[in-house]
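Bear in mind that the values here come from a model prediction, so they are computed numbers and not experimental data. The first residue of the sequence shown is numbered 1, and numbering continues consecutively from there.
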Amino acid sequence: MAKQKVAEQFVDILVQAGVERLYGVVGDSLNPIVDAIRRNDAIEWVHVRHEETAAFAAGAEAQITGRLAACAGSCGPGNLHLINGLFDAHRSMAPVLALASHIPSAEIGLNYFQATHPDKLFDECSHYNELISTPKQMPRVLQSAIQHAVGRGGVGVVSLPGDVAGETVAEESLEQSLITSRPVVRPGEADLAKLTDLIDGAEKITLFCGSGTAGAHAEVMEFAERIKAPVGHALRGKEFIQYDNPYDVGMSGLLGYGAAYEAMHECDLLILLGTDFPYNDFLPKDVKITQVDVRPEHLGRRCKLDLGVCGDVRETLRCLTPRVRAKSSRRFLDKMLKKHADALEGVIKAYTRKVDKHVPIHPEYVASVLDEMADDDAVFTVDTGMCNVWAARYLTPNGRRRVIGSFSHGSMANALPQAIGAQFVDRDRQVVSMSGDGGFSMLMGDFLTLVQHDLPVKVVLFNNSSLGMVELEMLVDGMPSYGTENRNPDFSAVARACGAFGVRVEKPKELAGALKDAFRHKGPALVEVVTDPNALSIPPHIKAAQVKGFALSAGKVVLDGGVGRMVQMARSNLRNVPRP
């Protein structure tokens, strides 16, 4: 019997770690790995058209499943293309193993063809990044990369020269004991006691929740009820915390809405739960703040803390809630709920007025209809830019839907690649890519990946022929828009030329039928909607200088701020508020 090759051993360890597929583009230095996958029924090679797509897809798969996912790039330019998607996965705490194939080992350091130093290049977007130099070294280095990615949440990178991958294993493979799930972190008794005292001593408390509240919805709701606290959220916390939430006061930040900002600034104590919210201008300066986060390095880096607590949000609240004194007054909570409802009522008309007749189509209307028609367990992937705004304001979370985007890294072109990874997890689950024309055209080649693998992803393309968010940024700074116009093809015709379903929508009355037809279609589909380029968004709290910028540049531009079905939830929550 032939001895096992290093590439075969590498693939066996991936399988043992629970990896079901490896996303990438083939290349000479990767050939031993790809061939080993070809001969292993437990893992699949997913051929994409760009390595950046491979990394985004792996990151999305990891976010959907919570398990390790993997991607690969060939030596030099191949693995360099992974870097943007790996940054996104790492900043999203998605466990991803990246294989950076390398030039022949004897040529490293000699400026060989396609030479780079991947063991240096990926340092900033990984917890672990090492070069494998010998067959004997490989199992332990790969194991360490996997355990860093899974245990700490993020990226582990291994560089493997193609010639080393093709060598024979030096000795019989040792059985690897791999970590395949993250541990639960509980705060110490001293921190719990300090946190309890801080809460008991405050009269008006607000909770602000991020993605670290995933899996902790029930615990957050119980805690909010006990201390009578309004609950706001960051964008990444929306899908985990907004649904079935009688304490909801909306979202703060650049895409914010409702009364979250007021609730955070008018309280005595602000509790940040599982959020590394980056916009410190939206955080209060004159209230007490405490933060709970599983990563100690996140504590206090956005604002001055009165107390930082390292712990998993769910486990922390399980320990904390019974300890704190139940509060009886709902005065502050009810005040914020009313402010929230009033704020939403004030902007809802912006998108409902003659929206069914407006041409070009209001993008808010598209997002609203999509929200109504999509499945209750759909996965939405959202392009960075104005699609973030429409998703934040119009997609209704329910505990079963997922919304994934480049919310921490802020990359363009993420939605389509992430939809690929999400759809591979479950071909029967509806996956919808909310793509902008700028983002879609940047990695449009991987629409062919949908066709090649017969992935039934539905791309809803918001085509305003511009880089809308960049135009908004220019307007805020008092600049006329420049360099933001896109000269686009008929994207629906491109989709049909690729062998997929494609339809172009230019009138509001055509939208529902087009979406219905696309959702019924068995394979990949693209619904291109020509939307109003003047539909921009303004955050609820901006500086005077920024308002001046709008006044100088925007002129008669309409700044819409609708919020879809969220106003219904706000109205419902108001039923519990006593009337004067």
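- Aromatic pair H217/Y243: ring centres closer than 6.0 Å.
- No side-chain heavy atom of F407 sits less than 4.5 Å from a side-chain heavy atom of S92.
- Here the CG-SG distance, from L272 to C303, works out to 5.5 Å after rounding to the nearest 0.5 Å.
- Using a 4.0 Å cut-off between a side-chain N of Lys or Arg and a carboxylate O of Asp or Glu, R401 and D377 do not qualify as a salt bridge.
- For the pair E364 and R393, the salt-bridge criterion is not met [side-chain N within less than 4.0 Å of a carboxylate O].
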Report task. Let me see the working for L450 and V459 under side chain to side chain contact (heavy atoms under 4.5 Å, CB included), right down to the final yes or no. Result -> CA-CA 10 Å; L450 302 184; V459 177; 4.3 Å; yes
Query raised in the report: Please walk me through it: do E61 and R21 pass side chain to side chain contact (heavy atoms under 4.5 Å, CB included)?
Result: CA-CA 10 Å; E61 178 182 326; R21 56 193 63 85; 3.2 Å; yes
Query raised in the report: Run the ring pair (Phe, Tyr, Trp, His ring centres under 6.0 Å) check on F424 and H453 step by step: do they pass?
Result: CA-CA 9 Å; F424 262 111; H453 294 283; 5.4 Å; yes
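- The side-chain heavy atoms of L461 and V527, taken from C-beta on, include no pair separated by under 4.5 Å.
- Contact check for V451 versus T449: no side-chain heavy atoms found under the 4.5 Å cut-off.
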Query - Evaluation steps, side chain to side chain contact (heavy atoms under 4.5 Å, CB included), between N486 and L467 - result: CA-CA 7 Å; N486 290 331; L467 301 178; 3.8 Å; yes
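- The pair E124-R91 fails the salt-bridge criterion, with no side-chain N (NZ, NE, NH1 or NH2) lying under 4.0 Å from an Asp/Glu carboxylate O.
- Note: T213 OG1 to Q242 CD = 11.5 Å, rounded to the nearest 0.5 Å.
- Between the CG atom of L270 and the CG atom of L283 there is a distance of 7.0 Å, given to the nearest 0.5 Å.
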Report task. Decide yes or no on salt bridge (charged side-chain N to carboxylate O under 4.0 Å, His left out) for R236 and D276, but give the supporting numbers first. Result -> CA-CA 10 Å; R236 289 191 67 198; D276 191 33; over 6 Å; no
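- Looking only at atom types and distance, the side chain of D383 has no donor-acceptor partner in the side chain of N388 under 3.5 Å away.
- Between F277 and Y279, the ring-plane angle classifies as perpendicular under the 30° and 60° cut-offs.
- Centroid-to-centroid, the aromatic rings of F240 and H233 stay 6.0 Å apart or farther.
- In this structure, a donor-acceptor pair under 3.5 Å is present between the side chains of R49 and Q452.
- At a threshold of 4.5 Å between non-hydrogen side-chain atoms, the residues F462 and V366 count as touching.
- Classification of the Y257-H340 ring pair by plane angle, with boundaries at 30° and 60°, yields tilted.
- The existence of a salt bridge linking E266 and K335 is confirmed by a sub-4.0 Å separation between a basic side-chain nitrogen and an acidic carboxylate oxygen.
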Requested in this report: Could you walk me through whether S74 and V25 pass the side chain to side chain contact (heavy atoms under 4.5 Å, CB included) test, one step at a time?
Outcome: CA-CA 7 Å; S74 59; V25 179; over 6 Å; no
Requested in this report: Test salt bridge (charged side-chain N to carboxylate O under 4.0 Å, His left out) on R504 and E506 and set out the steps.
Outcome: CA-CA 7 Å; R504 183 177 170 96; E506 297 182 353; 2.9 Å; yes
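- Taking 4.5 Å as the limit, every side-chain heavy atom of P363 sits out of range of all side-chain heavy atoms of M386.
- In summary, the side chains of N464 and T531 do not present any donor paired with an acceptor at a separation below 3.5 Å, with no hydrogens or angles considered.
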Throw together a table of side-chain donor-acceptor distances under 3.5 angstrom for residues 513-525, partners on residues two or more places apart or in other chains.
none

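- Counting only residues at least two apart or on different chains, the side-chain hydrogen bond (donor to acceptor under 3.5 Å, both in side chains) pairs with a member in residues 421-433 are S433-S435.
- Separation of atoms CD (E528) and CG (L526) is listed at 7.0 Å; rounding is to 0.5 Å.
- Of the N and O atoms on the side chains of S465 and R487, not one donor lies less than 3.5 Å from an acceptor on the other residue.
- Remark: F56 CZ to H50 NE2 distance equals 10.5 Å, nearest 0.5 Å.
- Partner H409 forms a side-chain hydrogen bond (donor to acceptor under 3.5 Å, both in side chains) with one of N414, D88, N84 and no other, that one being N84.
- Annotation: the span from Y394 atom OH to E372 atom CD amounts to 12.5 Å, rounded to 0.5 Å.
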